[in-house]
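Right, one structure below, let's go through it.
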Amino acid sequence: QVPLVESGGGLVQAGGSLRLSCRASGRSFSNSAMGWFRQAPGKEREFVAGISWSGSNTYYADSVKGRFTISRDNAKNTVYLQMDSLEPEDTAVYSCAAAGIGMTASSYKYWGQGTQVTVSS
């Protein structure tokens with residue numbers, strides 16, 4: 001059973017918005033830091049945004065700062081990524097992860113399967 005399930009990806013024009021959701025399945029991650037990562041074709045996976053277990057601390061990659069917002073609803077076991085002012089360079093598979101540290105992908109223990117985001121110019 002995949003512990004995290006992402007949704008909300010799709011095709012959008014440059015300048016548009018999408019909201020990704022990541023729902024925990026089978027267990028609660030309300031006490032865990034969570035993060036969003038992305039991987040574009042031919043590129044390494046990169047950190048996008050992270051949030052502490054309480055939601056009081058958030059942090060972002062410089063490339064998305066001011067455009068993306070991460071949030072969580074622990075009552076719903078769900079983390080969100082609001083993406084505004086999307087650019088073609090944001091095109092990637094976006095994955096959420098739980099129980100890790102900061103921006104280091106290898107430190108996260110649980111992963112979803114990812115959702116495709118495509119931004120057309």
Side-chain angles (χ1 to χ4, degrees):
Q1 186 178 15
V2 179
L4 299 166
V5 180
E6 301 95 338
S7 62
L11 173 64
V12 64
Q13 288 189 329
S17 298
L18 284 173
R19 188 175 85 151
L20 306 184
S21 298
C22 170
R23 178 178 57 82
S25 175
R27 61 171 290 158
S28 171
F29 292 103
S30 60
N31 293 325
S32 300
M34 298 190 69
W36 284 96
F37 294 79
R38 67 186 182 187
Q39 187 167 20
K43 294 189 176 181
E44 297 285 321
R45 181 166 57 191
E46 64 174 354
F47 169 79
V48 176
I51 188 167
S52 62
W53 71 270
S54 66
S56 60
N57 293 314
T58 59
Y59 38 98
Y60 301 89
D62 287 343
S63 58
V64 307
K65 202 171 293 183
R67 299 188 298 122
F68 291 10
T69 303
I70 188 171
S71 62
R72 67 190 298 163
D73 185 338
N74 285 341
K76 296 181 179 179
N77 270 333
T78 301
V79 175
Y80 305 97
L81 185 68
Q82 176 68 41
M83 305 186 296
D84 299 319
S85 302
L86 282 161
E87 304 168 351
E89 292 75 23
D90 296 318
T91 295
V93 174
Y94 285 70
S95 300
C96 68
I101 300 173
M103 300 182 285
T104 306
S106 60
S107 74
Y108 285 79
K109 186 175 181 181
Y110 302 97
W111 288 84
Q113 292 183 319
T115 184
Q116 176 70 47
V117 171
T118 303
V119 184
S120 64
S121 57

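Listed by first and then second residue, the side-chain hydrogen bond (donor to acceptor under 3.5 Å, both in side chains) pairs that reach into residues 9-18 are S17-D84, sequence neighbours excluded. Applying the disulfide (SG to SG under 2.5 Å) rule to pairs touching residues 12-76 yields C22-C96, sequence neighbours excluded. Listed by first and then second residue, the salt bridge (charged side-chain N to carboxylate O under 4.0 Å, His left out) pairs involving residues 9-35 amount to none (not counting sequence neighbours).
Put simply, V12 and W36 are part of the same group of oily side chains (I, L, V, M, F, W, Y) that touch within less than 4.5 Å, one to the next. Using a 4.5 Å cut-off between side-chain heavy atoms of Ile, Leu, Val, Met, Phe, Trp and Tyr, with links allowed through other members, V119 and V93 fall into different hydrophobic clusters.
Annotation: ring-ring contact (aromatic ring centres under 6.0 Å, His included) contacts of Y110 (sequence neighbours excluded): F29. Residues passing the side chain to side chain contact (heavy atoms under 4.5 Å, CB included) test with S28, sequence neighbours excluded: S30, N77. For F47, the ring-ring contact (aromatic ring centres under 6.0 Å, His included) criterion is met by F37, Y59, not counting sequence neighbours. In terms of the side chain to side chain contact (heavy atoms under 4.5 Å, CB included) criterion, residue partners of S21 (sequence neighbours excluded) are, by chain and number, S7, T78, Y80. For Q116, the side chain to side chain donor-acceptor pair (under 3.5 Å) criterion is met by T118, not counting sequence neighbours. In this view, K109 and A99 satisfy the side chain to side chain contact (heavy atoms under 4.5 Å, CB included) rule, not counting sequence neighbours. Residues that satisfy the side chain to side chain contact (heavy atoms under 4.5 Å, CB included) test with K43, not counting sequence neighbours, are A40. Shown here are the side chain to side chain donor-acceptor pair (under 3.5 Å) partners of D90, two or more places apart in sequence or in another chain: R38, R67. In terms of the side chain to side chain donor-acceptor pair (under 3.5 Å) criterion, N31 has no residue partners (sequence neighbours excluded).
For the atom pair I51 CD1 and N57 CG, the distance stands at 9.0 Å (nearest 0.5 Å). For the atom pair CD1 (I70) and CD (Q82), the distance works out to 12.0 Å, reported to the nearest 0.5 Å. Distance CD/E89 to OG/S121: 9.0 Å, rounded to 0.5 Å.
Checking side-chain atoms of R72 against main-chain N and O of S52 turns up a donor-acceptor pair under 3.5 Å. Under the 3.5 Å distance criterion, the side-chain polar atoms of N74 are matched with a main-chain donor or acceptor of W53. Judged purely by atom type and a 3.5 angstrom limit, T115 has no side-chain atom pairing as donor or acceptor with the backbone of Y94. Between the side chain of S107 and the backbone N or O of I101, at least one donor-acceptor pair lies under 3.5 Å.
A pairwise comparison of heavy atoms in A105 and W111 identifies O-CZ2, 3.4 Å as the closest pair. The shortest non-hydrogen separation linking A14 to P88 is CB-CD, 4.1 Å. S25 and V5 make their closest contact through CB-CG2, 4.4 Å (heavy atoms, listed as atom of the first residue, atom of the second, distance). Of all non-hydrogen atoms in G35 and Y108, the two that sit nearest each other are N-CE2, 3.8 Å.
Using a 4.5 Å heavy-atom threshold, the side chains of M83 and L20 count as touching.
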